[in-house]
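The structure appears right after this line, and notes come after that.
In this chain, numbering begins with 1 at the start of the sequence shown. Read the numbers this way: they start at 1 and go in the same order the structure lists the ligands and their atoms. Since the structure is predicted, the reported quantities are computational estimates derived from the model, not experimental observations.
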Amino acid sequence: MKAIDLIKPAGRREAALLEQIDLKRLPRHVAIIMDGNGRWAQKRHLPRIAGHRAGVKIAREAIETCALLRVPALTLYAFSLENWRRPHAEVSFLMRLLREYLKKELPSIHENNIRLLAIGRAAQLPEAVRKDMEDAMRLTSQNTGMKLVVALNYGGRAELVDAFNAILDRVRLNGLTAFHADEETISNHLYTAGLPDPDLLIRTSGEMRVSNFLLWQIAYAELYITDALWPDFSRERLLEALLNFQQRERRYGGLGHGREPGNGAP
Ligand code: FPP
């Protein structure tokens with residue numbers, strides 16, 4: 001099976017990219033910082049919310065592409081803990097947009113065997129958003145295809161704080177006096193427990209930052225930063241990112257070529 005058998009290319013460039021993609025070497029988990037909706041709108045003299053609407057369309061396309069290629073997990077950074085600092089009208093628009101997206105797309109997500117998950121501090125989300133997300137997660141909980149993870153009211157440091165407190169609670173509850181945590185203990189208490197760590201982190205709109213996203217999990221992720229603004233991150237650009245990932249040599253601090261790790265240099 002080849003990538004070109006799974007996706008009908010929209011043009012010659014997409015076809016050429018699909019021809020080159022090796023389905024056996026896709027990332028097990030792609031994480032995306034979708035940045036640049038506001039700038040996209042500004043460039044067109046449109047209100048910021050028009051950028052977010054265009055962003056949803058592209059998110060839909062990215063989800064479809066990853067699901068068709070059978071990428072096991074895709075995480076989208078939809079709303080950070082810091083995003084509450086935006087004007088109230090923009091925050092409520094983003095919340096409305098998310099509910100609208102779920103209402104419209106949930107049937108097709110479910111039909112395509114995609115499992116929806118949310119990461120972040122759900123308790124602080126508006127009740128209606130939380131309920132819609134919970135319903136969507138319940139509906140898709142038995143699906144065995146791609147895991148679509150929406151980071152909502154998410155912060156990487158907050159996730160670590162929540163994990164450490166969950167570990168401390170467990171220690172207290174079990175009355176343990178000697179407890180030794182290792183990396184697995186921490187991974188297992190993160191919101192992402194059970195998911196593979198991202199192999200590829202994509203950020204649009206050119207900023208060289210990780211913005212408090214999946215701080216623990218991206219330890220060995222390949223970073224792909226593109227100047228394209230999120231609403232311009234078409235299928236063609238996503239395929240370019242996947243191909244670029246496949247052309248890299250991953251070393252995990254070792255020497256590569258299957259040799260034993262050396263002195264731990266990055
Ligand atoms: C960044 O643009 C984007 C966000 C704040 C997240 C909103 C994301 C979407 C609407 C995509 C849809 C997601 C799902 C899960 C359907 P920005 O406003 O920070 O842009 P700027 O940096 O140019 O101002």
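The pair Glu90-Arg85 does not count as a salt bridge, with every side-chain nitrogen at least 4.0 angstrom from each carboxylate oxygen. Using a 4.0 Å cut-off between charged side-chain N and carboxylate O, Arg237 and Asp232 make no salt bridge. Under the 4.0 Å criterion applied to side-chain N and carboxylate O atoms, Lys57 and Glu64 are not assigned as salt-bridge partners.
When all heavy atoms are compared, the tightest approach of Phe245 to Leu26 is CE2-C, 4.2 Å.
Contact annotation: for Arg86 versus ligand 1, heavy atoms closer than 4.0 Å belong to the side chain alone.
Of the protein's non-hydrogen atoms, the one nearest atom 6 (C) of ligand 1 is Ala78 O, 3.1 Å. Here the heavy atom of the protein found nearest to atom 10 (C) of ligand 1 is His52 O, 3.6 Å. Taking atom 14 (C) of ligand 1 as the reference point, the nearest protein heavy-atom neighbour is Ala59 CB, 4.2 Å.
When only interatomic distances are considered, the shortest N/O to N/O separation between Tyr101 and ligand 1 does not fall below 3.5 Å. Between Asn37 and ligand 1, a contact under 3.5 Å exists for at least one N or O pair. For ligand 1, the polar-atom distance check finds no N/O of Trp40 at less than 3.5 Å from any of the ligand's N/O atoms. Geometrically, ligand 1 and Tyr77 share no nitrogen or oxygen pair separated by less than 3.5 Å. Inclusion of Leu94 in the set of residues having an N or O under 3.5 Å from an N or O of ligand 1 is not warranted.
Every atom of ligand 1 with a heavy atom of Arg39 under 4.0 Å away is listed here by number and element: 21 (P), 22 (O), 23 (O). Close contacts between ligand 1 and Arg48 involve ligand atoms 17 (P), 18 (O), 24 (O) [criterion: under 4.0 Å to a heavy atom]. Per-residue contacts place Gly38 under 4.0 angstrom from the following atoms of ligand 1 (heavy atoms of the residue considered): 17 (P), 18 (O), 20 (O), 21 (P), 23 (O), 24 (O). Close contacts between ligand 1 and Val56 involve ligand atoms 10 (C), 12 (C) [criterion: under 4.0 Å to a heavy atom].
Side-chain contact check for Asp162 and Tyr191: at least one donor-acceptor pair (N or O, by modelled atom type) lies under 3.5 Å.
In this structure the side chain of Arg28 never reaches within 4.5 angstrom of the side chain of Leu195, judged on heavy atoms.
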Let me have the donor-acceptor pairs involving side chains of residues 68-77, under 3.5 Å, with sequence neighbours excluded, atom names and distances please.
residue	atom	partner	partner atom	Å
Thr75	OG1	His29	NE2	2.7
Tyr77	OH	Tyr154	O	3.4
Tyr77	OH	Ser211	O	3.3

Mind listing the side-chain donor-acceptor pairs of residues 142-150 below 3.5 Å, one per line with the distance, residues two or more places apart or on another chain?
residue	atom	partner	partner atom	Å
Asn143	ND2	His110	ND1	3.0
Asn143	ND2	Ile114	O	2.8
Thr144	OG1	Asn113	ND2	2.9

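Closest heavy-atom approach to atom 4 (C) of ligand 1 among the candidates Lys104, Met34, Glu105: Met34.
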Practice prompt. Assess whether side chain to side chain donor-acceptor pair (under 3.5 Å) is satisfied between Thr65 and Arg235, documenting all intermediate values.
Written response: CA-CA 7 Å; Thr65 305; Arg235 169 171 287 167; 2.8 Å; yes
